[in-house]
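One structure is given below, encoded as structure tokens.
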Amino acid sequence: MKLAILSDAHDNIWKLAAALEKAWSTDALLFCGDFCAPFTLDQIGQGFPGPIHAVFGNNDGDRFLLAQVAARHPRVTLHGELARLELGGLRVGINHYPEIARDLARSGSYDLVCYGHDHRLHVGKEGATDLVNPGEIMGRLGKSTFVVYDTAGRGVEVVGV
């Protein structure tokens, strides 16, 4: 199973459109927070054909409207602050914050933990757990990236947008 892992769109609908096009052939999309406006979540819901699992970030202000948008898209699950999933035979955790992600990874309860917040691409390990920050979609740091994670071989591909 191939997972597209995205974070920190911050309403850059143009970069997000390019990322969604490149992620189209993956099996599921994981979003690690900071849509910002609800229309960004709507764009994700309309622009990706598979299951979408998302968590809130610190810049997602109108959570009520975000929840309403998610409810209009049957493939979108908005998990709140933390998602605990089983995907492709792996235990997956998603949250927005690096500190929480590291603690989740160190717990040994997950095979893959994904996070965002600091806009810095990171692919590493904490013990046997893969720890992934896909970077940012918005492009504030100059590079827009996301990650495609293959659950079968636990491989990572960084995709530029």
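Each residue takes its place number in the sequence, starting with 1.
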Show, in sequence, the C-alpha distance, side-chain angles and deciding distance for Leu104 and Leu82, and conclude whether the side chain to side chain contact (heavy atoms under 4.5 Å, CB included) test is met.
CA-CA 10 Å; Leu104 291 171; Leu82 173 64; 3.6 Å; yes
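- Checked by atom type and distance alone, the side chain of Asp8 never pairs as donor or acceptor with a backbone atom of Asp34 at under 3.5 Å.
- Looking at Arg120, its side chain never comes within 3.5 Å of a backbone N or O of Asn133 through a donor-acceptor pair.
- The pair Lys22-Glu157 does not meet the salt-bridge criterion, since no charged nitrogen lies less than 4.0 angstrom from a carboxylate oxygen.
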Practice item. Any chance you could lay out the salt bridge (Lys or Arg N to Asp or Glu O under 4.0 Å) test for Lys2 and Asp27, step after step, and finish with the verdict? Key: CA-CA 5 Å; Lys2 290 194 177 184; Asp27 300 301; over 6 Å; no
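- Only one option out of Val76, Leu3, Ile52 pairs with Leu29 in a side chain to side chain contact (heavy atoms under 4.5 Å, CB included); it is Ile52.
- Under the 3.5 Å distance criterion, with hydrogens and angles disregarded, a donor-acceptor pair is assigned to the side chains of Asp42 and His73.
- Atom CD of Glu81 and atom OH of Tyr97 lie 6.5 Å apart (nearest 0.5 Å).
- Under the 4.5 Å side-chain contact rule for hydrophobic residues, Leu87 and Leu6 do not share a cluster.
- Of the possible polar contacts, one joining the Asp111 side chain to the Arg91 backbone as a donor-acceptor pair under 3.5 Å is found.
- The backbone N or O of Phe35 lies less than 3.5 Å from a partner atom in the side chain of Asp60, making a donor-acceptor pair.
- Annotation: side chain of Ile13 is in contact with side chain of Phe39 (closest heavy-atom distance under 4.5 Å).
- Remark: side-chain polar atoms of Gln43 are not paired, donor with acceptor, to backbone N or O of Leu16 under 3.5 angstrom.
- Taking the side chain as every heavy atom from C-beta outward, Val147 and Leu121 approach each other to under 4.5 Å.
- Using a distance-only test at 3.5 Å, with no hydrogens or angles considered, no donor-acceptor pair links the side chain of Ser144 to the main chain of Val161.
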For a side chain to side chain contact (heavy atoms under 4.5 Å, CB included) check, start with the C-alpha distance between His79 and Phe56, then their side-chain angles and the critical distance, and finish with the verdict.
CA-CA 8 Å; His79 293 270; Phe56 290 123; over 6 Å; no
